[in-house]
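Each chain gets a letter, A, B and so on, in the order its sequence line appears, and its residues count up from 1. All figures in this text were calculated on a predicted structure; none of them were measured in a lab. When reading the values below, keep in mind they use all heavy atoms of this one structure, side chains included, and skip hydrogens, waters and symmetry mates.
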Amino acid sequence: MEETVQLQVQGLIKRFGNETVLNGISFSVHKGEVMVVLGPSGCGKSTLLRCINGLEAADGGRILLDGEPIISGGKNMIRMRQKIGMVFQSYDLFPHKNILENITLAPMKVQKRSKQEAREEAEQLLNRVGLWEKRNAFPRQLSGGQKQRVAIVRALCMHPEVMLFDEVTAALDPEMVREVLDVMLELASQGMTMIIVTHEMQFARAIADRVLFLDRGTVMEESTPEKFFSAPQTKRAQEFLNTFTFEKPNH
Amino acid sequence: MQDLDISILFKGINFLRLLGGLWVTVRISLIAVGLSIPLGILFGMFMTLKNPIAKGISRIYLDFVRIMPQLVLLFLVYFGLTRAFGWNLSNEASAILVFTFWGTAEMGDLVRGALISIPRHQYDSAAALGFTKMQTFYYIIVPQTFRRLLPLAINLTTRMIKTTSLVVLIGMVEVLKVGQQIIDANRFDYPNAALWIYGVVFLLYFFVCWPISLIARKLEERWR
């Protein structure tokens with residue numbers, strides 16, 4: 001199968017003060033592939049995503065999207081960011097704008113698309129995630145799960161080539177996790193290239209084409225979900241997966 | 001008869017004179033607030049800079065304004081500048097200068113507070129959508145800051161109006177001074193004039209500040 005590499009990360013290094021958060025990370029993501037990044041908290045997963053769309057400046061290594069380097073603060077940053085959609089853990093909608101305005105603001109102001117065209121697309125996307133009725137509501141009137149779905153739509157409306165998801169369900173009540181994950185599963189089935197940081201192991205296994213396991217800023221393991229979840233190669237990965245399984249205590 | 005002393009208000013143009021005095025108070029306050037708001041916005045943005053020199057300057061300015069009673073500042077500008085540099089500022093100009101100096105510091109601190117209260121992820125998500133720094137400020141940060149700020153700025157206006165009564169002491173004839181003049185001029189004919197005149201002054205202040213506070217409260221409710 002001939003696959004085109006869409007995103008390449010080569011020897012990425014990131015330090016905060018004396019602490020090296022990412023210590024030479026390399027991997028590549030093909031077009032239409034879903035990469036799930038797993039690892040214990042503090043392993044650098046979120047920092048990795050923030051480096052990929054230039055929110056953090058890398059201290060070493062390269063990130064290439066379609067062969068073009070992403071440099072935080074670089075001249076092409078604005079253009080490159082439009083190719084990368086990102087959804088964060090915190091509900092980050094703009095509180096002073098209603099749902100439609102939240103979605104159409106960037107297409108209109110950043111991409112200079114017409115208001116009518118942006119609105120039409122926004123309404124279509126909202127319809128797809130089942131939130132068309134909420135188009136004139138304000139973020140504070142929505143539940144966490146609904147806000148996250150809007151945040152996904154807002155990123156999609158910019159027509160990104162790659163979507164980054166940074167623990168998007170971590171702050172949600174359990175019963176709202178599903179509705180957000182379903183939207184992501186649908187996106188994956190439509191061939192969107194995605195990099196997902198998550199703690200939902202079942203979901204990771206279902207959606208991933210490949211799994212990247214990070215620990216202390218390095219890639220410990222890169223494999224298919226079947227292999228990773230049933231037969232992890234490294235001791236760290238085994239320990240990590242064990243923290244998600246429970247045994248019935250004897251009493 | 002005590003009660004009849006109320007007629008002092010209707011004698012000659014006394015009431016109009018009081019209103020004229022009130023206008024002096026309101027005029028100084030509004031000019032000072034009008035200057036303080038734009039200057040305070042700039043100062044507030046300056047205060048959020050990470051540069052240590054900028055931090056030092058802001059700190060000194062803010063502390064100086066907070067520690068010095070406004071009255072001392074008024075005297076310093078009105079009498080002091082003339083002595084030291086031969087600048088002959090009128091009392092109104094001195095008052096506007098001092099209250100703007102004070103208002104800018106207060107407003108700046110409010111602006112700083114509003115700016116830093118905008119969560120980090122608002123900047124991040126705007127950046128991730130491809131907004132430039134200027135666009136982020138214009139479309140996302142400023143509108144949110146403005147909503148937090150407006151009620152506070154209005155409260156500052158009422159504080160300003162109340163504090164401007166100090167300008168009497170550099171010889172300005174504002175509402176309180178007009179009241180005193182009326183009382184003094186009618187000491188023998190209307191011995192109880194003080195009660196009525198000061199009562200009216202109280203009401204005049206109230207009717208200027210109360211609607212302003214009311215607007216602030218309404219806006220606060222609407223934008224929360």
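Counting heavy-atom pairs closer than 4.5 Å to chain B, the top-ranked of the candidates A:Met77, A:Arg154, A:Lys97 is A:Arg154. Looking only at heavy-atom pairs under 4.5 Å with chain B, the residue among A:Val87, A:Asn53, A:Leu55 that has the most is A:Leu55.
In this structure, the side chains of B:Ile140 and A:Leu105 come closer than 4.5 Å at one or more pairs of heavy atoms. A 4.5 Å side-chain heavy-atom check between A:Ile78 and B:Thr132 finds at least one atom pair inside the cut-off. A heavy-atom distance below 4.5 Å is found between the side chains of B:Leu129 and A:Met158.
The 12-atom threshold is exceeded at CZ of A:Phe16, counting heavy atoms of other residues, nucleotides or ligands nearer than 6.0 Å. Heavy-atom contacts from other residues, nucleotides or ligands closer than 6.0 Å to CZ of B:Phe85 number 12 or fewer. For CZ of B:Phe15, the number of neighbouring non-hydrogen atoms (other residues, nucleotides, ligands) closer than 6.0 Å is 12 at most. Other residues, nucleotides and ligands place no more than 12 heavy atoms under 6.0 Å from the CD atom of A:Gln116. Counting heavy-atom neighbours within 6.0 Å of A:Lys83 NZ, excluding the residue itself, gives a total above 12. By the 6.0 Å contact criterion, OH on B:Tyr198 is enclosed, its count of non-hydrogen atoms from other residues, nucleotides or ligands being greater than 12.
Taking each heavy atom of A:Lys109 and B:Phe131 in turn, the nearest pair found is CB-CE2, 4.0 Å. Nearest heavy atom pair, residue B:Gly130 against residue A:Arg81, reads CA-CB, 4.2 Å.
Rounded to the nearest 0.5 angstrom, A:Met86 CE and B:Ser125 OG are separated by 10.0 Å.
Panel note: side chain A:His96, backbone B:Ile141; no donor-acceptor pair is recorded below 3.5 Å.
Heavy-atom distances place both the backbone and the side chain of B:Gln122 under 4.5 Å from chain A. In this structure, the portions of A:Phe94 lying under 4.5 Å from any heavy atom of chain B include both its backbone and its side chain. Residue A:Leu164: no heavy atom, backbone or side chain, is found under 4.5 Å from chain B.
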